[in-house]
Every structure is written in structure tokens, then in C-alpha cells.
Amino acid sequence: MATEKSPQVAVVMGSDSDLKVMASCIDQLRDFGLTPTVRVISAHRTPQIAAEFAKSAESHGIQVIIAAAGLAAHLAGAMAAWSTLPVIGVPLAAESGLGGLDALLSTVQMPPGVPVATVAIGKPGAKNAAILAVQILARADATLRKKLVDFKAKQAKAVHDKDVTLG
Ligand code: RP5
């Protein structure tokens with residue numbers, strides 16, 4: 001059962017410069033009543049901490065890891081290398097001039113045996129990562145399942161209302 005205090009989801013990002021995008025992921029998780037653990041950890045700049053975090057995440061109650069990074073984005077892959085928890089990767093568009101395609105390919109093209117569930121680049125992916133994490137947790141949590149049903153219904157109504165307004 002999800003409570004305000006249970007950090008079942010970890011949101012890790014390669015830099016604090018990623019926070020402006022990942023705020024929408026954190027906000028979405030909070031909207032579902034979750035309080036994620038949020039960390040800045042870099043696969044390249046703090047590799048030891050990345051390994052230690054991934055290895056110990058499950059023992060701290062984490063059930064899903066969301067990992068976001070830009071450029072040569074290896075953070076999600078590093079998490080998946082060191083943990084058997086499901087890892088959702090969010091590729092970000094850092095200032096590389098490639099619009100996040102670099103991070104997308106780095107995150108999604110994992111070798112067989114080490115999957116990373118990769119979502120879209122940037123904000124849409126950040127929001128979807130949160131929803132996907134909730135969907136994973138909801139398999140064993142009826143309260144979250146109900147919240148997901150309500151979320152989908154509200155989303156559908158918003159689209160329908162716009163459709164009616166446009167007439
Ligand atoms: C990546 O490098 C981070 O995830 C970030 O998207 C990008 C740039 O980091 P900063 O130079 O802004 O710290 O590792």
C-alpha cells in the first residue's frame with residue numbers, strides 16, 4: 001500500500017540541470033500520492049555512487065528506478081546493470097545540438113539481458129516514466145490501480161471536453 005512516506009520509486013538524474021525537466025516526473029508521482037527518493041547521481045562523474053545506489057536500492061524499499069540523463073546517457077543502463085529492479089530510462093535533450101537523440105540511443109539500445117524501459121525524450125517522457133512506475137506498482141496495490149483508472153477517465157474527459165468545445 002502506498003503511503004506518503006514510502007519511497008517506492010527512486011528518481012535519479014545525471015545532473016541538477018536535469019531537474020527542470022524531471023520536476024514533471026516528480027510532480028506526477030506526487031499526484032499519485034507517492035513520495036519518491038530524488039538523487040543526482042552520474043554514471044560518469046560519480047560511478048561508484050551510481051553502483052552503490054543501484055545495488056542497495058531494493059534493500060531500501062525501492063521497487064522501480066527512474067533514471068534520467070542527457071548526452072551519452074548511461075545512467076539508466078548503469079542502474080540496470082547493478083539491480084534487478086525495473087529501470088525506466090528518460091533520455092533528456094542536453095545542450096549537445098542533437099536534441100536528445102544521443103541520449104535516446106544511449107538509453108534505449110541496451111544489450112540483451114539488461115533491459116531499460118525507455119520513454120520519450122524530455123518532458124513527455126518524464127511524465128510517462130512516472131505513470132509507468134505507478135502502473136508497475138499498481139499490480140500489487142489496489143489503491144494505486146483505482147487512482148490510475150481515475151487518472152485515465154479524467155484525461156479522456158479533458159480531451160472530450162475540448163472536442164465538444166470546438167464543436
Ligand atoms: C548528463 O550531462 C546529465 O544528465 C545532463 O543532462 C548533461 C549535462 O550535465 P551538466 O553539465 O549540466 O551537469 O550527464
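What you see is a predicted model; the values in this text were computed from it and never measured. Read the numbers this way: they start at 1 and go in the same order the structure lists the ligands and their atoms.
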*Only one of Lys147, Lys152, Lys146 forms a side chain to side chain donor-acceptor pair (under 3.5 Å) with Asp150, so which one is it?*
Lys146
_Qualifying side-chain hydrogen bond (donor to acceptor under 3.5 Å, both in side chains) pairs with a residue from residues 36-49, counting only residues at least two apart or across chains_ = His44-His74
*Do Asp161 and Lys157 meet the salt-bridge criterion of a basic N to acidic O distance under 4.0 Å?*
yes
*Would you call Ile131 and Leu148 a side-chain contact if the rule is heavy atoms closer than 4.5 Å?*
yes
*Name the residues in contact with ligand 1, where contact means a heavy atom under 4.0 Å away: which are they?*
Gly14, Ser15, Ser17, Asp18, Arg45, Ala69, Gly70, Leu71, Ala94
*Who pairs with Ala76 by side-chain contact (heavy atoms from CB on, under 4.5 Å), at least two apart in sequence or on another chain?*
Ala67, Val87, Thr107, Val116
*Fellow cluster residues of Leu98, listed by chain then number, with links counted only when side-chain atoms sit under 4.5 Å apart*: none
